[in-house]
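Here the structure comes first, spelled out in structure tokens, and everything after it is commentary.
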Amino acid sequence: MSLTTAQSRDPLNTKTRGLASPGRKAPGRTPMSRTTSTRIGDWLVFTLLSAGAIVMVAPLVWMVSTSLKTKTEVFALPPVWIPEVPQWDTYVRMWQDSSILTGFQNSFIVAATVTVLGTITCSMAAFAIAKMRLPFSNLIFVGLLTGIMIPYPTLMIPQFVMFSRIGWVDTLLPLIVPAIFGNILVIFFLRQYLENVPNSIIEAAKIDGASFWQIFWRLIFPIIRPAVAAQFILWFMAIWNDYLAPILYLNTPGRQTLQVVIANMNVQYATQRDYPLIMGASFIALLPILAIFLIFQRQIIESVALSGTKG
Amino acid sequence: MAGTASRLHRSENRWALAFVAAPVIGYLLFTLYPVCFAVYASLTNWNGLGVMRFVGLDNYVKLLSDANFLESLYNTFFYMIGIPIGLGMSLALAVAMNRKIVGLTAFRTIYYVPVISSLAAIAILWQWAYNGDFGLVNQALALVGIDGPNWLASTVWAKPAIILMAIWKGLGYSMILYLAAIQSVPRSLYEAAQLDGANGWQRFRTITLPMVRPVTFFLVVTNVIGGAQIFTEINIMTPSGGPEYSTASAVWHIWRQAFRYQQMGYATAMAIVLGLLILIITLIQFSLNRRNSFAID
């Protein structure tokens, strides 16, 4: 019961509500004041936005269309948008000729392990920093924040040497292990969210004799679940799409993540001018994230807007 | 009584420390130690495997006259021309989307799709789209009678081509942040301005623009930090650094020196210089931002 009050008092929710329905704003504007000129303006804006939308979508449509073309259609002038006979065979060849399948598996292993374990460590740390009696709380938090200021390229060489000394090169471990210790940006965001949770419910749980682990797992984690879910999805997408760290570590084709696999296919098949295969593989590589996005688009866009305006 | 309380506090302290242990250990192992190691490695001549021969500041002296490194730094900053262009376009989009028109949710989704798409896949797609003869870009230009260049093979056009792609990919993200900021501007401000006879442009300039300033600042800072580390699209679209090294970025150059030529010490020195440059530029932006906000107050 106290949980619901915590959430309704949460300024985050009220702030995002406007974004969920951008068209339904302007309550102060009466129908009378919508003059002809605003209607012409709306129409003009709609046309411009549509033209822009075509520019945004055309390359992606072209990618799918190319993947279904024959090799001769690819080089046809004027260009072919809808292949005469869609070459679904491209997608069959893809699974046979390359490491796409293992790429999928590896990307999934890395992204799932990091996000599941990482969000737990981040939530625990955010709880300790925001709500618990933690010695040197500020020092720890600010110290962790300094980590943001060091860009990955500065760290990549020493990290590579560390991991190569313990024989982790060409395994997924260097991509997983550092990340499951937590991500300071996620901690930062969850800590912000926890600021809105009243201390009284934690005090009440303490009086009832709950251990801190129980308080965290049974009380806090359910409260911050919306924020955790948002960070989880954004983090998953970032890791799935990562390219620099995987190409440093992964050399054997069967051990590479999907992004590295398609990049290598791009080099390998370009010499054979097999653009349908390259485009098909690239499309497959962005398909899972595209699907996640289309399903959770409202939540994703809201949490992106939030993390930006809060930051 | 006091004894019980302090025992409870001590127990809470221990739990709290256990809860933050993972990120703290992670920070020490994977950030602090590598940074210290990088500083030392940058002072040595080292191939990554053999002995580290201490050479003092030699690497730092060498990089000052390394034409390729300076070129790659220049290219990296050149790419940032796209940042103000992209921000201007996304602000215009956000203003447009703040109107009451049909299909807004669909537009928002469409403009956001490139943002969530894998950069590697997008770079592969655009590499093909920039193909001089059969690429989508030149075919579209041909419709309006323009004979486009072979983008990525041209020293003049390769960098603008990469900028254009980056704008296309990043537009949706800035647009969403701007849209959220515009929607949180109190409606009464616009109504008051309208009563005072301010036209659309004046309302935009005197209300919208100042109100979205924090978002602009956030976007400029994060875009500059991200732009300074541009790598994926360079390595995929121009695997050899482009014609006459004209697309090579700083991170790409560092990566190649370290992992292709095993110049680990030297590459680390360049990576530290890049890190410091990013830090200094970010600090300058913060201090400029603070000064300007005083001016507005």
Side-chain angles (χ1 to χ4, degrees), chain A residues 15 18-19 22-23 25-26 28 42 45-46 49 53 56-57 59 62-63 75 79 121 124-125 127-129 132-135 140 144 147 149-151 153-155 157-159 161 178 181-182 187 212 237 241 243-244 259 262-263 266 275 278 282 285-286 289 293 297 301 304-305 308-309 311, chain B residues 9 12-13 15-16 19-20 22-27 30-31 34-35 37-38 48 96-97 99-101 104 107 109-112 114 116-121 124-125 128-129 134 136 139 176-177 180-181 183 187 191 215 218 229 231-232 236 251 254 258 264 267-268 271-272 274-275 278-279:
Chain A
K15 208 168 176 189
L19 200 71
K25 264 266 159 178
D42 283 353
V45 163
F46 180 81
L49 284 178
M56 298 311 276
V57 163
W62 195 59
M63 167 154 73
F75 299 104
T121 48
M124 285 166 56
F127 171 50
I129 291 169
M132 289 175 75
R133 240 179 280 271
L134 172 67
I140 290 174
L144 290 176
M149 287 187 281
I150 298 151
T154 307
L155 299 174
I157 297 169
Q159 281 194 2
V161 173
F181 282 87
I187 296 174
F212 284 102
M237 300 203 303
N241 291 338
Y243 173 76
L244 176 53
Q259 309 306 328
I262 59 164
N266 184 38
Y275 286 102
I278 294 170
S282 305
L286 58 80
I289 298 295
F293 171 66
Q297 49 165 311
I301 285 178
V304 165
T309 43
Chain B
H9 285 179
E12 180 162 355
N13 285 343
W15 275 96
F19 277 17
V20 288
V24 170
I25 293 170
Y27 175 80
F30 303 116
T31 303
V35 165
F37 187 88
M97 291 213 181
R99 297 174 80 109
K100 209 176 171 185
I101 51 174
L104 274 175
F107 281 133
T109 307
I110 289 171
Y111 283 86
Y112 205 75
I116 53 103
S117 301
S118 134
L119 183 52
I124 293 170
L125 163 65
W128 171 226
F134 308 101
L136 178 67
Q139 285 177 359
I176 289 298
L177 295 197
Q183 287 177 349
R187 196 104 215 136
E191 280 155 9
V215 172
F218 171 82
Q229 302 176 49
F231 172 79
T232 303
I236 288 178
V251 173
I254 292 166
M264 292 287 190
T268 309
I272 286 180
L274 178 69
I278 295 175
L279 185 67

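Letters go in sequence order (proteins before strands), and every chain restarts at 1. Just so we're clear, the structure is a prediction, and the values are computed from it rather than from any experiment.
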Under a 4.5 Å heavy-atom cutoff, which of [options] has the most pairs with chain B?
options: Met124(A), Met132(A), Arg133(A); answer: Arg133(A)
options: Leu244(A), Val45(A), Leu49(A), Ile278(A); answer: Leu49(A)
options: Thr121(A), Leu134(A), Val57(A), Leu286(A); answer: Leu134(A)
options: Ile187(A), Ile262(A), Ile129(A); answer: Ile262(A)
options: Pro158(A), Ala263(A), Gly182(A), Ala128(A); answer: Pro158(A)

**Prompt:** Given a strict heavy-atom distance threshold of 4.5 Å, which part of Met237(A) is in contact with chain B: side chain, backbone, both, or neither?
**Reply:** side chain

**Request:** Using non-hydrogen atoms and a 4.5 Å limit, figure out which bit of Phe293(A) sits close to chain B: side chain, backbone, both or neither.
**Result:**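 Answer is side chain: those atoms of Phe293(A) sit under 4.5 Å from chain B.
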
**Message:** Would you compute the distance between atom CD of Gln297(A) and atom OH of Tyr112(B) and round it to the nearest 0.5 angstrom?
**Reply:** 11.5 Å

Contact part of [X] toward chain A, heavy-atom cut-off under 4.5 Å: side chain, backbone, both or neither?
X: Leu279(B); value: side chain
X: Ile110(B); value: both
X: Phe107(B); value: side chain
X: Glu12(B); value: both

For [X] against [Y], the heavy-atom pair lying closest together:
X: Ser118(B); Y: Gln259(A); result: OG-OE1, 2.6 Å
X: Ile140(A); Y: Pro135(A); result: CD1-O, 3.7 Å
X: Phe212(A); Y: Phe19(B); result: O-CZ, 4.0 Å
X: Ala258(B); Y: Ile157(A); result: CB-CD1, 3.7 Å

**Contact leader toward chain A among Leu119(B), Leu136(B), Thr268(B), Ile272(B), where contacts are heavy-atom pairs under 4.5 Å** = Leu136(B)

